[in-house]
Amino acid sequence: MPRPRVHDLDAALDAAERLAVEGGPSAVTLRAVAAATEMSNGAIYHAFGSRGGLVGRAWLRAAHRFLDLQQESVQEALGRGPVDAVVAAADTPAVFAERFPQSSRLLLTVRRDELLGSDVPEDVAAELSRLDSVLVELFVRLALALWGRKDGRAVEVIEACVVGLPTGLLLHARRKPDDAMRRRLEAAVRAVLALDPPSPGKRHDSKTKGSQ
């Protein structure tokens, strides 16, 4: 069987995205993707190995699109300062939703945990597992740029700004982020970064000395 062309693969991934977003992960089948494209069932199977491989590759493509966009935004913003770079990283979900609306909805529709452990090929599962390290590297880079630190406490603050706040202020709304939402997010990120991160190794003791 001839090797599928790159644009054929993109068409198959586009179809998988659309089916998952509109009908949920179970709507993505090799037959449904074949019906939405000019590829045969056999060509799709040859390219992706299984339904899990197809869904996994679609999810990975969306994730890499997001991470590439985030890295580009951070790199550009670093010229204005590290705080602006963290704001840019936090704002990436909003930019991503504008530029790749279907990929954005796919990442919200299909949890990565749903892919791991299914019929996803080993190479796809391994790549899915490596995504966390890409984000951690970004957190460390931003913590170093801001405070010259990369300890756990400093990295946790960056993670809260880049993951926690956008999840709460943008993604939980389940609608396209608007300007007001993005301004609130920026204000929240700048407020958090105005405080130095806790000193490494120190813990807050809720008991007062006089309570013993």
Notebook entry, point to check: Run the side chain to side chain contact (heavy atoms under 4.5 Å, CB included) check on Ile158 and Trp147 step by step: do they pass?
Noted result: CA-CA 11 Å; Ile158 299 299; Trp147 305 299; 3.8 Å; yes
Note to self: Working note: Arg57 + Asp123, criterion salt bridge (Lys or Arg N to Asp or Glu O under 4.0 Å); need CA distance, chi angles, decisive distance, verdict.
What the structure shows: CA-CA 10 Å; Arg57 282 295 172 195; Asp123 61 328; 3.0 Å; yes
Note to self: Evaluate Leu138 against Gln70 for side chain to side chain contact (heavy atoms under 4.5 Å, CB included), listing each step before the verdict.
What the structure shows: CA-CA 9 Å; Leu138 177 64; Gln70 190 170 57; 3.4 Å; yes
Check: Please walk me through it: do Glu17 and Ser103 pass side chain to side chain contact (heavy atoms under 4.5 Å, CB included)?
Finding: CA-CA 7 Å; Glu17 274 191 345; Ser103 291; 2.5 Å; yes
Note to self: Lys176 vs Glu98, test: side chain to side chain contact (heavy atoms under 4.5 Å, CB included). Steps then yes/no.
What the structure shows: CA-CA 8 Å; Lys176 183 178 178 181; Glu98 289 181 348; 3.9 Å; yes
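The nearest pair of heavy atoms linking Ala47 to Leu9 is CB-CD2, 3.4 Å. The shortest heavy-atom contact between Val28 and Leu19 is CG2-CB, 4.0 Å. Smallest separation of non-hydrogen atoms from Ala85 and Leu78: CB-CD2, 3.6 Å. Counting all heavy atoms, side chain and backbone alike, Val110 lies closest to Ala20 at CG2-CB, 4.2 Å. Nearest approach of Thr37 to Ala11, heavy atoms of both residues: CG2-O, 3.6 Å. In terms of heavy atoms, Pro166 sits closest to Leu185 at N-CD1, 3.7 Å.
The list of side chain to side chain donor-acceptor pair (under 3.5 Å) pairs with a residue in residues 23-34, not counting sequence neighbours, is empty. Among residues at least two apart or in separate chains, ring pair (Phe, Tyr, Trp, His ring centres under 6.0 Å) pairs with a member in residues 70-114 are Phe66-Phe96, Phe96-Phe100. For residues 8-36, no pair satisfies ring pair (Phe, Tyr, Trp, His ring centres under 6.0 Å), with sequence neighbours left out.
Put simply, CD on Glu38 and CG on Asp8 are 8.0 Å apart, with the number rounded to the nearest 0.5 Å. Taken from CD in Gln71 to OG1 in Thr92, the straight-line distance is 9.0 Å, to the nearest 0.5 Å. Considering CD of Gln102 and CD of Glu22, their distance stands at 6.5 Å, rounded to 0.5 Å. Between the CZ atom in Arg183 and the CG atom in Asp91 there is a gap of 12.0 Å [rounded to 0.5 Å]. Of the inter-residue distances, the one linking Arg18 atom CZ with Leu13 atom CG reads 11.5 Å to the nearest 0.5 angstrom. Atom-to-atom distance recorded for Leu131:CG and Leu60:CG is 6.0 Å, nearest 0.5 angstrom.
Using a 4.5 Å heavy-atom cutoff, the side chains of Pro121 and Ser50 are in contact. The shortest side-chain heavy-atom distance between His46 and Ser40 does not fall under the 4.5 Å cut-off. Residues Val157 and Pro198 have side chains in contact (heavy-atom distance under 4.5 Å, counting atoms from C-beta outward). Contact of the Leu193 side chain with the Cys161 side chain is registered, since non-hydrogen atoms from C-beta on lie closer than 4.5 Å. Side-chain atoms of Phe48 and Leu30, non-hydrogen and from C-beta on, never get closer than 4.5 Å to each other.
A salt bridge links Asp84 with Arg190: at least one charged nitrogen is closer than 4.0 Å to a carboxylate oxygen. A salt bridge links Arg149 to Asp151: at least one charged side-chain nitrogen sits closer than 4.0 Å to a carboxylate oxygen. By the 4.0 Å N-to-carboxylate-O rule, Lys150 lies too far from Glu137 to be salt-bridged with it. A salt bridge is defined here as a Lys NZ or Arg NE, NH1 or NH2 lying under 4.0 Å from an Asp or Glu carboxylate O, and Arg61 with Asp14 meets this definition.
Listed by chain and number, the residues in a salt bridge (Lys or Arg N to Asp or Glu O under 4.0 Å) with Glu156 amount to none (sequence neighbours excluded). Partners of Asp178 by side-chain hydrogen bond (donor to acceptor under 3.5 Å, both in side chains), not counting sequence neighbours, listed by chain and number: Arg175. Applying the salt bridge (Lys or Arg N to Asp or Glu O under 4.0 Å) test to Arg141 and every residue at least two apart in sequence or in another chain returns nothing.
Residue Arg80 qualifies as enclosed at atom CZ: its count of foreign heavy atoms under 6.0 Å is above 12. Applying the 6.0 Å contact sphere to CZ of Arg105 captures no more than 12 heavy atoms from other residues, nucleotides or ligands.
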